[in-house]
There are 2 protein chains.
Amino acid sequence: MPPPPAGPPLGLRLANTAKAVSQAFDEALAAAGGSRPSWLVLMSLKTRPLASQRELAAAVGIQGATLTQHLNSMESDGLVTRRRDPANRRVHLVELTEQGERAFHRMREAAVTFDRRLRTGLDRDDVTQLELLLDRLRANVNG
Amino acid sequence: MPPPPAGPPLGLRLANTAKAVSQAFDEALAAAGGSRPSWLVLMSLKTRPLASQRELAAAVGIQGATLTQHLNSMESDGLVTRRRDPANRRVHLVELTEQGERAFHRMREAAVTFDRRLRTGLDRDDVTQLELLLDRLRANVNG
DNA sequence: TATTGTTATACTCTATAACTATA
DNA sequence: TATAGTTATAGAGTATAACAATA
């Protein structure tokens, strides 16, 4: 069994890289007038516009009550509206406003630009390899 | 120029993986009675025991005032002591107590065990490759 | 004046528990 | 009773600004 390699442990290196990348991404989103949670919410809504808030929270990876907080801000910022589903009045349908659509497009552009920057100097094989390795790390901690 | 690959963008995948891995690591540290900031502080202190708080904050990657908050908790938990440097009384020397030493060893063991789990099924080339790719991502956003 | 560190305060993201409305 | 969502509250981690102590 080989000894572990030198330098900081893998988990710490991953965390440090993710921190640096996430900060840069958050700055890019902020420059486009957004934030990470609002971006994740808008992206999920554009993917499945009719999701209930429960589905939406699960898609974003947060609790329902946490989602409510973000939706409150987004609604008071005029990005989304909530109305009851006539078919089941317990369910609130979340929909993008015109302004929400524009915000989504601005953030998407920022995200695409950021991802291009992130990939600089990586060819397709590098990206595939990296994604594969990341998936294996996740499997190792989730198992 | 090839189109970007399908699926979530690279930055999002990195963030998601890092979130899952970080949560698992935080749980492992918590089970050992620690937390991420206290682990980073203790690790930095063991590496350079005489660092001033400014150096320490920089090593951990946080602001000086933020470090003070963590040191306050750690001091009231009996893990560290602060005393003025006789040579320059502006500087506070941070030192581990006996209890701090024991906490460090518990957390280190948890971290080593975690890293072993994280590497499951990865050979040394995989790890090297992953570290290389992470470094390139970081360089891309820092540049 | 400059440097080191602390205190006061606040922000963001998150969570849990108790609640309301609906079924 | 069960489900969808909200409100109230709290906690962790972070930051900035104003301050005290020291040089």
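Computed from a predicted structure; not experimentally measured. Computed over heavy atoms, backbone and side chain alike; hydrogens, waters and symmetry mates excluded. Each chain gets a letter, A, B and so on, in the order its sequence line appears, and its residues count up from 1.
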*Do B:Leu130 and B:Leu134 have side chains that get closer than 4.5 Å, going by heavy atoms?*
yes
_A side-chain contact here means heavy atoms from C-beta on lying under 4.5 Å apart; do A:Asn140 and B:Arg119 qualify?_
no
*Should B:His70 be listed as having a side-chain N or O under 4.0 Å from OP1 or OP2 of D:dT14?*
yes
*Given atom CD of B:Gln63 and atom P of C:dT7, what is their separation to the nearest angstrom?*
17 Å
*asked:* One pair to check against side-chain hydrogen bond (donor to acceptor under 3.5 Å, both in side chains): A:Arg108 and A:His105. What are the steps and the verdict?
replied: CA-CA 5 Å; A:Arg108 186 176 59 182; A:His105 289 298; 3.1 Å; yes
*Nearest-0.5 Å distance, CH2 of residue A:Trp39 to CZ of residue A:Arg36*: 11.0 Å
*Could you give the CD1-to-C1' distance, from A:Ile62 to C:dT12, as a whole number of Å?*
13 Å
*Can you tell me if the side-chain N/O atoms of A:Thr66 get under 4.0 Å from OP1 or OP2 in C:dA15?*
yes
*Could you check A:Arg84 against A:His92 for side chain to side chain contact (heavy atoms under 4.5 Å, CB included), going step by step and ending with a plain yes or no?*
CA-CA 4 Å; A:Arg84 290 189 182 274; A:His92 288 202; 3.3 Å; yes
*With under 30° as parallel and over 60° as perpendicular, where do the rings of B:Phe25 and B:Phe114 fit, or are they tilted in between?*
tilted
*Measure from CG on A:Asp26 to C1' on C:dC13 and round the result to the nearest Å.*
11 Å
*Is the shortest heavy-atom distance from the side chain of B:Leu12 to the side chain of B:Asn16 under 4.5 Å?*
yes
*How close or far is atom C1' of C:dA15 from atom NZ of B:Lys19, stated in whole angstroms?*
12 Å
*Nucleic acid footprint by protein, nucleotides 4-12 of chain D - heavy-atom cut-off 4.0 Å, B for base, S for sugar-phosphate alone*: SSBBBB---
_Nucleotide C:dT3, atom C1' - distance to CZ of B:Arg84 in whole Å_ = 12 Å
_CD (A:Glu55) with more than 12 external heavy atoms under 6.0 Å_ = yes
*In whole angstroms, how far is the P atom of D:dT22 from the CG atom of B:Asp85?*
13 Å
*Do A:Asp135 and B:Arg13 sit within salt-bridge range, that is, some charged N less than 4.0 Å from a carboxylate O?*
yes
*A:Gln23 CD to C:dC13 C1': how many Å, rounded?*
15 Å
_Inter-axis angle, terminal five-pair segments of the helix from C:dT1-D:dA23 to C:dA23-D:dT1 [nearest 10°]_ = 30°
*Whole-Å gap separating P (C:dT6) and CG (B:Leu56)*: 11 Å
